[in-house]
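Just so you know, ligand 1 is whichever comes first in the structure, and atom 1 is the first atom listed for that ligand.
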Amino acid sequence: MFAEKMVELGSRRSTIREIFEFGNKRATEVGRDNIFDFSLGNPNVPAPQTVSDEIVRLVTTEDAAALHGYTSAQGDAVVRSQIAESINRTHGTHFTGDNLYMTVGAAASLCVCFKALAEEGDEFIAFAPYFPEYKVFVEGTGAKLQVVPADIDSFQINFDAFETLLNPKTKAVIVNSPNNPSGVVYSEETILKLTALLKERSEEYGHPIYLISDEPYREIAFDGVKVPYLTEYYDNTFVCYSYSKSLSMPGERIGYVVVPGEMEDFKAAYAAVCGAGRVLGYVCAPALFQRVAASCAGQTSDISVYRKNRDILYNELTRMGYTCVKPEGAFYLFPRSLEPDANAFCEKAKSLDLLLVPGDDFACPGHVRIAYCVKTEMIERSLAAFEKLAQMYR
Ligand code: PLP
């Protein structure tokens, strides 16, 4: 009677949500201060004051009917050109508003790109560890998601495995840097190798293999690390951006897709993005937050909080004997679990009210994700529990 796949998707609980809800229940029993919840990627740093100021300014000075009205499907023209100028200032690109399509956050940016590209029999490739929704979104279009196993020593790309998965059915490759859940930033060397291989294979197969760059964490990068802007390396790149993390407003649902003018058959590509947004019923991105995003483009919430949290956790955990690739961005740490079964390890952690997410959810068993977008003071209090957990394995 109902679409079986939808019933299944809607009934299956997300592990992360389940852990988060367990934490809330435990908090009522033992007190919030005794729960160390590292499960959710919800930014804890507030949006910059300019976001609130701009909301107030807009709602108190602008004509309400226009402010809250529909915009054109691809987004308000002035908003798109302001954001394009901001990207150009930061990355030396040459976009105009016509290269941008405003969306309801990165999830929608991705869905729109997948839908714009997917045809019968197509395959998309993601690199483990990867954001689990990719599989849901890609399969929702009828296409197949192929997953390249992780290079667990660096969390850069496992090129040997990648090369064997590329084939004439490959439509697009998804990259996410800074990465959720590893926190790793793909080096320029990785990007050069990746784009050279994609150019070679596109030529061999006689059709482009698109690159989809999922980058909600672009600005959350530490110690001056360079996060290459992929359209500068590969013309057939869709950039899927979101203000959820950079401006700490995930609930407001605002982001965009960039379709560079250099993309093969640009007009058709941009039309396909618009068509996909139409089929998916997005109508237009939230009008008020299009305006807020345009005014605040280029700003971020206080990223230094995440760097401080990263430093404390990485230094303390590695001192205790945990093995972890040092994250250079996002707000996640992805250490190895102290036993091969990350689920069993997370259960032991849970007995200490330490809530971690098993790496299996990100196609990377033997690891756990620690979302450190939490209060620094909670991290400091959690260290004794991490130490007790390590002691269980000594
Ligand atoms: N991509 C990655 C890698 C993410 O971690 C997230 C959210 O956590 C998203 C996409 C979705 O972001 P948004 O809230 O902007 O839809």
* Asked: Counting heavy atoms only, which of I254, N180, D214 is nearest atom 2 (C) of ligand 1?
  -> D214
* Test of ring centre spacing under 6.0 Å for F345 and Y393 -> yes
* Asked: Which hydrophobic side chains are connected to M1, either touching it within the sub-4.5 Å cutoff or through other members that do?
  -> F2, V7
* Does P216 have a non-hydrogen atom less than 4.0 Å from ligand 1? -> yes
* Structure fact -> protein heavy-atom neighbour closest to atom 8 (O) of ligand 1 works out as K245 NZ, 2.9 Å
* Using side-chain contact (heavy atoms from CB on, under 4.5 Å) as the criterion, list what pairs up with N24, not counting sequence neighbours. => F20, R32
* Please confirm whether S242 comes within less than 3.5 Å of ligand 1 when only nitrogen or oxygen atoms on both sides are compared. => yes
* Below 4.0 angstrom from a heavy atom of Y217, which ligand 1 atoms are there? Numbered from 1 as shown, please. => 3 (C), 4 (C), 5 (O), 8 (O)
* Structure fact -> Under 4.0 Å between heavy atoms, the region of E133 that gets near ligand 1 turns out to be neither
* To do: Can you pull out the closest protein heavy atom to atom 14 (O) of ligand 1? Residue, atom name and distance to 0.1 Å, please.
  => R253 NH1, 2.9 Å
* Which of the atoms of ligand 1 are close to S244, meaning less than 4.0 Å from one of its heavy atoms? -> 13 (P), 14 (O), 15 (O)
* T190 and Q156: side chain donor to acceptor below 3.5 Å -> yes
* Asked: Closest non-hydrogen protein atom to atom 12 (O) of ligand 1, residue and atom name please, with distance?
  -> A106 CB, 3.6 Å
* To do: Find out whether F137 and K115 are in side-chain contact, i.e. whether some heavy atom of one side chain is under 4.5 Å from a heavy atom of the other.
  => no
* ligand 1 contact on Y243 by region, counting heavy-atom pairs under 4.0 Å -> neither
* Asked: At a 4.0 Å threshold, what atoms of ligand 1 neighbour a non-hydrogen atom of G105?
  -> 15 (O), 16 (O)
* To do: Flag F131 as yes when one of its N or O atoms lies below 3.5 Å from any N or O atom of ligand 1, and as no otherwise.
  => no
* **Side chain proximity check, P216 to Y241, heavy atoms < 4.5 angstrom** => no
* To do: Could you list the atoms of ligand 1 found under 4.0 angstrom from a heavy atom of N176?
  => 3 (C)
* ligand 1 versus A107, non-hydrogen atoms closer than 4.0 Å: side chain, backbone, both, neither? -> both
* To do: Decide whether a cation-pi geometry holds between K350 and F22; the criteria are a distance under 6.0 Å from NZ or CZ to the six-membered ring centre and an angle within 45° of the ring axis.
  => yes
* To do: Would you please indicate if the ring centroids of F362 and F131 are separated by under 6.0 Å?
  => no
* Evaluate whether atom CD of E189 has more than 12 neighbouring non-hydrogen atoms of other residues, nucleotides or ligands under 6.0 angstrom away. => no
